[in-house]
Amino acid sequence: MTRTPRSSPESGYSLMEILVVVALISLFATLSISNLSGALKRAKLLSAAQDTAAIVRLARLEAIKRSVPTVVEIDFDARLIRAWTDIVDDTGAPVSNLMYDPDPTAPSGTVDYLIKQFYLEGNVEFWGATDANPEEVEAVVGLTDLPDNDVNGVVFNPDGSARAIGAIRFADGRGANFLEVFLAPVLTGRAQIRKYNPALPVNPEDGSFYFNQGPHPTTGEQAWEWEP
């Protein structure tokens, strides 16, 4: 028996189907790029806080090792954080004056010298969560007055204790996510990275809305929440 071939539908896609697929691909690509951009901004913000905490800890260790005061200085204009020893004053006398007085001609270790420094990268700003703009009063709180700088800094005594507690704060360029390097107590000068979260009850340790990573001290909720 001879079978008559059945006609098959035309292969391929209609213009409408192709347009729908292209639109979906574009949407997914846009979402992926947005998520990647957000992740990169968060990574740079966290890196700035980690680098700051590291330089603060390094300055404390240098103070203990060399038995000299050390300073961590914040420079808004240069977007710079640097740590140095405070061995001599501007005349070369062995007196701490909380000013950076290096002398490249002097023997190593006999005058102020740079310990380490780094610059803020990308869109990271010195920015406190309650300020409208970067580099205002809440960007650096507490800490020690430095006579040669409008911004307070971290100062360690030769025994490793801090002159004062306080915080250096950062945000992404949108002012959506805020981190701080919190220095306390004065006895140990411990540097902690904390994140701002006003949706939770205040931190019972200091009455702020900045929290260490992990559960909230009283509610148990996760304290770190990232804005997209």
Next on the checklist: Looking at every heavy atom in both Asn212 and Trp224, which two are closest together, and how far apart are they?
Outcome noted: C-NE1, 3.3 Å
Checklist entry - If every non-hydrogen atom of Gln222 is compared with every non-hydrogen atom of Pro215, which pair is closest and at what distance? => result NE2-N, 4.1 Å
Next on the checklist: Looking only at the side chains, is there a donor atom on one of Asp112 and Thr85 sitting less than 3.5 Å from an acceptor on the other?
Outcome noted: no
Item to check | Test item: Glu221 and Leu200 side chains (from C-beta on) under 4.5 Å apart, heavy atoms | outcome: yes
Checklist entry - Can you tell me how far the CG atom of Asp90 sits from the CG atom of Asp103, to the nearest 0.5 Å? => result 12.0 Å
Item to check | Hphob cluster co-occupancy, Ile55 + Phe182, side-chain heavy atoms under 4.5 angstrom | outcome: no
Do any side-chain atoms of residues 142-150 form donor-acceptor pairs under 3.5 angstrom with protein atoms, and if so which ones, sequence neighbours left out?
{"residue": "Asn149", "atom": "OD1", "partner": "Val151", "partner atom": "N", "Å": "2.9"}
{"residue": "Asn149", "atom": "ND2", "partner": "Glu73", "partner atom": "OE2", "Å": "3.1"}
{"residue": "Asn149", "atom": "ND2", "partner": "Ile74", "partner atom": "O", "Å": "3.0"}

Checklist entry - How close do Ala49 and Val181 get, heavy atom to heavy atom, and via which atoms? => result O-CG2, 3.4 Å
Checklist outcome for this item: Closest non-hydrogen atoms of Pro217 and Asn203, given as atom of the first, atom of the second and distance, are CG-OD1, 4.1 Å
Next on the checklist: Within this structure, what is the CG-CD distance for the pair Asp75 and Gln117, rounded to the nearest 0.5 Å?
Outcome noted: 10.0 Å
Checklist entry - How long is the gap from OG1 on Thr52 to CZ on Arg57, to the nearest 0.5 Å? => result 10.5 Å
Next on the checklist: Strictly distance-based, threshold 3.5 Å: is any side-chain N or O of Asn157 a donor or acceptor partner for the main-chain N or O of Gly160?
Outcome noted: no
Checklist entry - If every non-hydrogen atom of Thr110 is compared with every non-hydrogen atom of Val88, which pair is closest and at what distance? => result O-CG1, 3.5 Å
Checklist entry - side chain to side chain contact (heavy atoms under 4.5 Å, CB included) between Gln50 and Ile193: does it pass, once the steps are laid out? => result CA-CA 7 Å; Gln50 291 172 334; Ile193 298 176; 3.7 Å; yes
Next on the checklist: Is there a salt bridge (Lys or Arg N to Asp or Glu O under 4.0 Å) between Lys44 and Glu121? Walk through the geometry before answering.
Outcome noted: CA-CA 7 Å; Lys44 287 182 179 179; Glu121 296 182 354; over 6 Å; no
Checklist entry - Between Asp159 and Arg60, is the closest basic N to carboxylate O distance under 4.0 Å? => result no
Checklist entry - Would Lys195 and Gln213 satisfy side chain to side chain contact (heavy atoms under 4.5 Å, CB included), going step by step from the backbone distance to the final call? => result CA-CA 7 Å; Lys195 190 176 187 303; Gln213 191 169 21; over 6 Å; no
Checklist entry - Rounded to the nearest 0.5 Å, what separation is found between the CG atom of Leu45 and the CG atom of Leu40? => result 12.5 Å
Checklist entry - Do the two ring centres, one from Phe170 and one from Phe126, sit under 6.0 Å apart? => result yes
Next on the checklist: For residues Val154 and Val141: do they belong to one hydrophobic cluster (side chain heavy atoms under 4.5 Å, members Ile, Leu, Val, Met, Phe, Trp, Tyr)?
Outcome noted: no
Next on the checklist: I'd like to check the ring-ring contact (aromatic ring centres under 6.0 Å, His included) partners of Phe209; sequence neighbours left out, ordered by chain and number.
Outcome noted: none
Next on the checklist: Quick test of your reading of the model: are Glu125 and Arg79 salt-bridged, counting only N-O distances below 4.0 Å?
Outcome noted: yes
Item to check | Phe76 and Val140: CA distance, side-chain angles, deciding distance, side chain to side chain contact (heavy atoms under 4.5 Å, CB included) verdict | outcome: CA-CA 10 Å; Phe76 284 168; Val140 175; 4.1 Å; yes
Checklist entry - Do the ring planes of Tyr196 and Tyr210 sit parallel (below 30°), tilted (30 to 60°) or perpendicular (above 60°)? => result tilted
Checklist entry - Do the side chain of Asp86 and the main chain of Leu98 share a donor and acceptor less than 3.5 angstrom apart? => result yes
Checklist entry - Going from OH on Tyr119 to CG on Leu80, what distance comes out if it is rounded to the nearest 0.5 angstrom? => result 5.0 Å
Checklist outcome for this item: Output for pair (Arg174 CZ, Trp127 CH2), nearest 0.5 Å, gives 10.0 Å
Next on the checklist: Has Thr219 got a side-chain atom pairing as donor or acceptor with His216's backbone, closer than 3.5 angstrom?
Outcome noted: no
Checklist entry - Does the pair Arg169 and Leu179 meet the rule for a side chain to side chain contact (heavy atoms under 4.5 Å, CB included), with working shown? => result CA-CA 6 Å; Arg169 293 170 172 166; Leu179 295 176; over 6 Å; no
Item to check | Distance-only donor-acceptor check, side chains Asp172 and Asn177, under 3.5 Å | outcome: yes
Checklist outcome for this item: Closest non-hydrogen contact found for Ala176 with Glu227 is O-CG, 3.5 Å
